[in-house]
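This report refers to the structure that appears directly beneath it.
By convention in this document, chain letters (A, B, ...) are assigned in the order of the sequence lines, proteins followed by strands, and residues within each chain are numbered from 1.
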Protein chains: 2
Amino acid sequence: MSKTQAVSVDSVAPLGPISPAKARILAVAVDLFHEKGYERTTVRDIAERTGILSGSLFHHFKSKQEILYTAMAMTTQAMGQSAEAAVTGVDDPVAQLKALILMELNSIHREDGHAAYVLVDEWRSLDPEHAAAVLKLRDGSYERCWMAALEGCADKGILKNNPRIARQLLRGALAWTRTWFRADGALTLPGLADEVCGTFLKS
Amino acid sequence: MSKTQAVSVDSVAPLGPISPAKARILAVAVDLFHEKGYERTTVRDIAERTGILSGSLFHHFKSKQEILYTAMAMTTQAMGQSAEAAVTGVDDPVAQLKALILMELNSIHREDGHAAYVLVDEWRSLDPEHAAAVLKLRDGSYERCWMAALEGCADKGILKNNPRIARQLLRGALAWTRTWFRADGALTLPGLADEVCGTFLKS
DNA sequence: AATAAAAACAAGCAAGCGCTTGGTTGTCAA
DNA sequence: TTGACAACCAAGCGCTTGCTTGTTTTTATT
């Protein structure tokens with residue numbers, strides 16, 4: 001009756017149950033978003049690769065935007081759990097930091113899916129309410145783990161920078177590896193993780 | 001001979017002369033690309049903020065894509081010149097490195113224009129031929145300056161990483177500052193440059 | 001076998017997109 | 001004054017976009 005592309009005004013819906021069909025669509029969408037970006041990916045692209053018609057997508061997601069939000073929120077939750085798993089039972093903050101760096105690198109460079117890429121690249125395509133929701137998820141667990149490890153290092157006097165600055169420099173450096181790191185060289189992911197860790201710690 | 005000639009000859013044309021009208025359009029486009037991204041920016045957006053009608057844009061540029069290419073190529077050339085200016089007359093590789101870091105930070109965080117943002121964010125929107133042309137421009141001067149400085153540091157044994165890896169980690173860390181650094185804090189750009197430089201050098 | 005819900009199809013709408021066309025205005029040199 | 005050309009306007013074309021609607025098929029439960 002008015003404009004298409006209605007944006008839900010109510011609070012951003014929490015992540016509902018992910019049916020197998022939803023999961024397949026999300027996997028396809030994430031790959032396409034990685035290849036071409038959200039804006040250049042059409043709902044027809046997603047439907048075709050999933051093996052259905054474009055209209056059928058909207059039986060599972062109420063909008064294209066919701067597909068992006070669901071993908072980013074899911075990935076954020078998964079990375080939060082990975083971060084917690086990486087540091088539980090590890091007391092030494094240096095070991096924690098090394099584990100987190102390797103964990104983030106693994107998430108970025110895993111072969112079966114490009115969810116972490118999307119999480120880095122598509123913030124501008126996510127409208128503000130959804131973005132705030134994802135950020136809240138991220139700060140709840142993922143960032144808490146990182147800051148704990150970095151502050152632990154700082155307390156021991158072996159961190160080169162202020163923890164907050166170190167976190168930002170690290171985030172940028174690690175995210176950028178997706179554009180240049182290829183695992184077939186002499187440098188492995190654990191090797192790179194060691195090197196990055198050594199860069200930010202006094203030696 | 002005419003004063004200004006439209007020079008788009010082959011598929012990827014070299015940068016022709018930039019008339020004042022073109023420059024104004026480019027400045028507007030760069031700001032919009034920074035705000036919303038290339039795909040979400042329409043030619044009507046650019047025209048409206050420039051103060052003309054959308055069709056008139058195509059008197060100056062033959063396509064929207066050419067606007068993006070011109071903006072990125074121009075910025076690349078400008079940054080190449082800034083890099084050369086930053087290191088000429090400087091012999092100490094550490095001083096060179098510090099100067100390059102500060103120069104890149106200044107380019108990213110200058111208030112009058114967001115060209116450097118576009119250069120980081122919009123590679124995926126630039127089609128392959130144009131992207132190759134811009135990359136060639138970049139490697140010709142900008143990257144050559146960086147590698148010379150980093151290799152100089154490595155030769156003196158004070159660089160923590162392999163120069164090539166250091167360059168990539170630095171690029172990621174510096175580019176990411178656009179998302180978190182705000183000049184109003186206690187940290188200034190030269191201060192940040194010093195800190196970053198110290199991180200990558202043995203102390 | 002009967003029923004209902006879930007999933008997918010078939011078709012297409014309204015809006016917006018990049019870009020083209022044909023004509024009008026402003027500028028300046030000869 | 002005139003001719004030439006660049007800059008711009010006015011209108012809209014052809015196509016793609018996200019999404020909707022009404023119907024049919026599949027699946028699960030009884």
Side-chain angles (χ1 to χ4, degrees), chain A residues 1-9 13 16-30 32-33 35-71 122 124-127 129-130, chain B residues 1-8 11 13 16-29 32-33 35-71 122 124-127 130:
Chain A
M1 184 77 188
S2 51
K3 300 172 185 174
T4 53
Q5 198 141 353
V7 174
S8 84
V9 225
I18 308 288
S19 67
K22 270 191 168 185
R24 208 173 66 248
I25 292 169
L26 285 170
V28 165
V30 160
L32 283 166
F33 293 163
E35 291 170 24
K36 313 200 285 181
Y38 176 79
E39 302 291 343
R40 299 171 85 92
T41 301
T42 70
V43 292
R44 286 170 178 81
D45 291 335
I46 301 172
E48 185 183 11
R49 194 175 289 187
T50 308
I52 58 178
L53 293 194
S54 68
S56 306
L57 280 180
F58 297 90
H59 178 73
H60 302 280
F61 298 93
K62 74 179 180 192
S63 67
K64 183 188 176 190
Q65 179 74 203
E66 198 190 66
I67 297 178
L68 177 61
Y69 165 65
T70 307
E122 302 297 346
R124 201 168 38 185
S125 297
L126 196 66
D127 46 12
E129 304 145 17
H130 291 105
Chain B
M1 60 167 77
S2 51
K3 198 166 74 175
T4 52
Q5 42 187 345
V7 182
S8 20
S11 56
I18 308 288
S19 67
K22 268 191 170 185
R24 208 172 67 247
I25 293 169
L26 284 171
V28 165
L32 283 166
F33 293 164
E35 290 171 25
K36 313 199 287 180
Y38 176 80
E39 304 291 343
R40 298 172 85 93
T41 301
T42 70
V43 293
R44 287 170 178 83
D45 291 334
I46 301 172
E48 185 183 12
R49 194 175 288 189
T50 307
I52 59 178
L53 291 194
S54 68
S56 306
L57 280 180
F58 296 90
H59 180 72
H60 302 280
F61 296 94
K62 73 178 180 190
S63 67
K64 183 189 176 190
Q65 178 75 201
E66 198 190 65
I67 297 179
L68 177 61
Y69 166 65
T70 307
E122 302 297 346
R124 202 168 36 185
S125 298
L126 196 65
D127 46 13
H130 291 105

What is the distance, rounded to the nearest whole Å, between atom [atom1] of [X] and atom [atom2] of [N]?
X     : N      : atom1 : atom2 : result
B:I46 : D:dC8  : CD1   : C1'   : 17 Å
A:L57 : C:dA11 : CG    : C1'   : 16 Å
A:F61 : D:dG18 : CZ    : P     : 15 Å
B:I25 : D:dA6  : CD1   : C1'   : 13 Å
B:L53 : C:dC19 : CG    : C1'   : 14 Å
B:K62 : D:dA6  : NZ    : C1'   : 19 Å
B:E39 : D:dT16 : CD    : C1'   : 13 Å
A:K36 : D:dT17 : NZ    : P     : 8 Å

Side chain to side chain contact (heavy atoms under 4.5 Å, CB included) assessment of B:I18 paired with B:T70: CA-CA 9 Å; B:I18 308 288; B:T70 307; 4.0 Å; yes

With respect to the phosphate group of C:dA7, does any side-chain polar atom (N or O) of A:H59 fall under 4.0 Å of OP1 or OP2? yes

Counting just side-chain N and O atoms, does A:S56 come under 4.0 Å of either OP1 or OP2 of C:dC9?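 Checking A:S56 against C:dC9: at least one side-chain N or O falls below 4.0 Å of OP1 or OP2.
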
Mark yes or no for a side-chain to base donor-acceptor pair under 3.5 Å between B:R44 and C:dG16, with no hydrogen or angle criteria applied.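 Check fails, no donor-acceptor contact within cut-off.
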
Determine the contact category for [X]: base if any of its heavy atoms lies under 4.0 Å from a base atom, sugar-phosphate if only primed atoms, P, OP1 or OP2 are that close, otherwise nothing.
X     : value
B:S54 : base
A:S19 : nothing
B:T41 : sugar-phosphate

Could you pull out the closest heavy-atom pair between [X] and [Y], with the gap in Å?
X     : Y      : result
B:S54 : B:R44  : CB-CG, 3.8 Å
A:G37 : A:E122 : CA-OE2, 3.3 Å
B:H60 : B:E66  : O-OE1, 4.3 Å

Is there a donor-acceptor pair closer than 3.5 Å between any side-chain N or O of A:Y38 and the backbone N or O of A:Q65?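 Checking the backbone N and O of A:Q65 against the side chain of A:Y38, a donor-acceptor pair under 3.5 Å is found.
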
Out of [options], whichever nucleotide has its closest atom nearest the side chain of [X]:
X     : options               : answer
A:F58 : C:dA8, D:dT20, D:dA7  : D:dT20
A:I52 : D:dT17, C:dG18, C:dA8 : C:dA8
B:H60 : C:dC9, D:dA7, D:dC19  : D:dA7

